Amino acid sequence: MQPFSHIRARSVQQAVDELARGQPGAVRLLAGGTNLVDLMRLGVETPTRLVDITGIPGLSTISVSETGLTLGALVRMSDAADHPDIRRDWPGVSEALWKGASAQLRNMATLGGNLMQRTRCPWFRDVATACDRRMPGSGCAATSGPDRHAALLGGGTQCVAVHPGDFAVALTAFDARVEVIGPAGNRHVPMAELLRLPGDSPARETSLDPAEMILGITIPSARAARHSAYVKLRDRASYAFALASAAAAVVVEGGIVTEARIALGGVATVPWRAPDAEASLIGRPLTPEAAAAAGRIALQNARPGRQNRFRIDLAAAAVAEALITAGTRS
């Protein structure tokens with residue numbers, strides 16, 4: 001880990017000013033530090049200045065109203081997961097947070113930091129290997145290496161790294177928006193647009209400008225939100241990243257599905273919404289067969305490699321299980 005300076009920002013404006021003064025990548029915001037500090041130890045992140053934002057007031061609140069749920073960027077994962085209103089009205093969000101990390105990490109990690117976490121691709125984390133996401137133009141060692149954990153959706157010739165988050169998957173299913181601030185002022189970014197597909201610029205992982213920071217997350221009220229679930233399939237039941245996961249929500253009226261939301265995690269380079277799978281359920285009873293068919297449709301464009309084809313069936317099963325669980329809550 002290289003030497004760096006450290007300051008505590010007392011206001012949002014001070015944090016933004018610090019980001020704007022530095023070169024891209026040279027200044028990093030520090031909250032829980034559960035991802036950033038790890039990457040600094042590995043030499044993947046090499047900031048020269050850390051701006052501690054944990055003392056900024058007003059960013060640790062949870063607010064529930066008729067229009068929806070607002071979460072401050074500094075809310076801890078554990079606090080949001082265990083909030084009674086979230087557990088009741090957005091159970092899929094609560095479950096994604098519970099399953100997203102170990103208890104120790106949930107007690108440290110912030111929601112804003114969780115959205116900005118970087119991939120766990122082993123080639124990205126190994127500075128001795130080629131990675132266009134870490135070092136643009138160096139190539140992608142993952143495209144010719146073992147691909148058990150490589151993305152099935154959204155990858156390309158320059159990057160097949162899976163997005164590691166769970167919370168972001170649930171937010172994508174529920175059309176959340178992220179409020180950010182930078183030198184140009186405040187703006188709201190749809191969750192579906194916050195994280196970028198790697199394309200030919202895998203090093204640019206989000207749609208945020210270098211001097212912008214997250215203030216909070218808003219999830220609009222929706223009937224389907226109360227009838228939601230998050231399923232995560234992994235190598236071991238204790239803390240591990242997903243081989244496949246799914247957030248799902250349904251509204252069933254008179255035995256017929258009138259609304260459906262599905263997002264996939266663990267199988268794509270970004271949280272992956274599945275509109276065709278959603279549409280396949282509308283106007284039909286939510287039977288195990290219909291849920292299984294929706295799961296297969298959600299994975300219809302998957303591009304498996306040599307060792308990750310089994311995750312297509314896992315992801316389809318995760319979708320089906322999430323739908324049926326959500327249906328029991330409808």
Side-chain angles (χ1 to χ4, degrees), residues 1 4 6-10 12 15 28-42 44-45 47 50-64 69-120 125 162-172 174 176 178-179 191 194-195 213-219 228-242 245 247 265-266 271:
M1 186 183 291
F4 59 88
H6 173 274
I7 67 162
R8 287 179 63 87
R10 300 301 177 183
V12 168
R28 285 283 191 252
L29 301 180
L30 177 67
T34 56
N35 185 215
L36 175 62
V37 174
D38 186 28
L39 293 177
M40 290 174 64
R41 290 193 182 108
L42 294 172
V44 175
E45 289 270 13
L50 295 184
V51 181
D52 187 333
I53 62 173
T54 55
I56 297 178
L59 299 184
S60 301
T61 59
I62 299 175
S63 175
V64 179
L69 169 67
T70 300
L71 302 161
L74 294 182
V75 171
R76 304 292 176 182
M77 289 177 65
S78 56
D79 291 333
D82 200 36
H83 192 281
D85 290 335
I86 298 175
R87 293 173 65 181
R88 182 189 67 236
D89 296 337
W90 288 271
V93 173
S94 176
E95 289 168 350
L97 288 166
W98 279 122
K99 297 174 182 179
S102 66
Q104 295 92 333
L105 289 176
R106 288 196 304 270
N107 288 334
M108 284 293 296
T110 63
L111 300 185
N114 183 276
L115 295 187
M116 298 297 288
Q117 67 179 303
R118 308 192 71 184
T119 182
R120 264 61 177 186
R125 292 167 63 86
V162 168
H163 180 267
D166 298 284
F167 180 48
V169 179
L171 295 183
T172 299
F174 296 127
V178 179
E179 183 183 4
M191 186 61 219
L194 178 70
L195 303 172
M213 65 175 284
I214 294 176
L215 293 177
I217 302 138
T218 299
I219 309 175
S228 61
Y230 187 77
V231 170
K232 182 175 183 178
L233 304 179
R234 40 195 165 175
D235 281 324
R236 59 185 186 276
S238 61
Y239 172 49
F241 294 101
S245 66

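For clarity, every value in this text was computed on a predicted model and none was experimentally measured. Any value given below was found using the heavy atoms of this structure, including those in side chains, with hydrogens, waters and symmetry copies removed.
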Nearest 0.5 Å please: distance from the CZ atom of Phe167 over to the CG atom of Leu71.
-> 5.5 Å
Backbone of Arg106 reached by a side-chain donor or acceptor of Ser78 within 3.5 Å | yes
For Ala80 against Ile86, the heavy-atom pair lying closest together = O-CD1, 3.3 Å
What's the spacing between Ile7 CD1 and Asp52 CG if we round to 0.5 Å?
-> 9.0 Å
With sequence neighbours left out, write down each residue that passes salt bridge (charged side-chain N to carboxylate O under 4.0 Å, His left out) with Arg88, or none if nothing qualifies.
-> Asp85
To the nearest 0.5 Å, what is the distance between CZ (Phe4) and CE (Met40)?
-> 4.0 Å
Answer yes or no: is there a donor N or O on one side and an acceptor on the other, between the side chain of Asn107 and the main chain of Ala103, under 3.5 Å?
-> yes
Heavy-atom closest pair, residues Pro47 and Arg28 = CB-CG, 3.9 Å
Calculate, to the nearest 0.5 Å, the distance between atoms CD1 and CG belonging to Ile56 and Leu29 respectively.
-> 8.0 Å
Which atom of Ala168 lies closest to which atom of Leu115, heavy atoms considered | CB-CD2, 4.0 Å
Considering all heavy atoms of both residues, which atom of Val162 and which atom of Thr119 are nearest to each other, and what is their separation?
-> O-OG1, 3.0 Å
Mind checking what makes side chain to side chain contact (heavy atoms under 4.5 Å, CB included) contact with Gln104, not counting sequence neighbours?
-> Ser102
Check whether any side-chain heavy atom of Asn114 lies under 4.5 Å from a side-chain heavy atom of Leu97, and answer yes or no.
-> no
Note, Leu36 side chain near Leu50 side chain (heavy atom, < 4.5 Å) = yes
So which pairs with a foot in residues 70-83 pass salt bridge (charged side-chain N to carboxylate O under 4.0 Å, His left out), sequence neighbours left out?
-> Asp82-Arg87
Pairwise distance OG1(Thr70) to CD(Glu179) - rounded to 0.5 angstrom | 9.0 Å
Atom of Val64, atom of His83 and distance for their closest heavy-atom approach = CG2-CE1, 4.4 Å
Looking only at heavy atoms, the pair that brings Ala96 and Tyr230 closest together is CA-CD2, 3.5 Å
So, does Glu95 use its side chain to make a donor-acceptor pair with the main chain of Gly92 at under 3.5 Å?
-> no
Interatomic spacing from CZ in Phe241 to NZ in Lys232 - rounded to 0.5 Å = 7.0 Å
Identified side-chain contact (heavy atoms from CB on, under 4.5 Å) partner of Leu59 from the options Ile214, Val75, Leu74 | Leu74
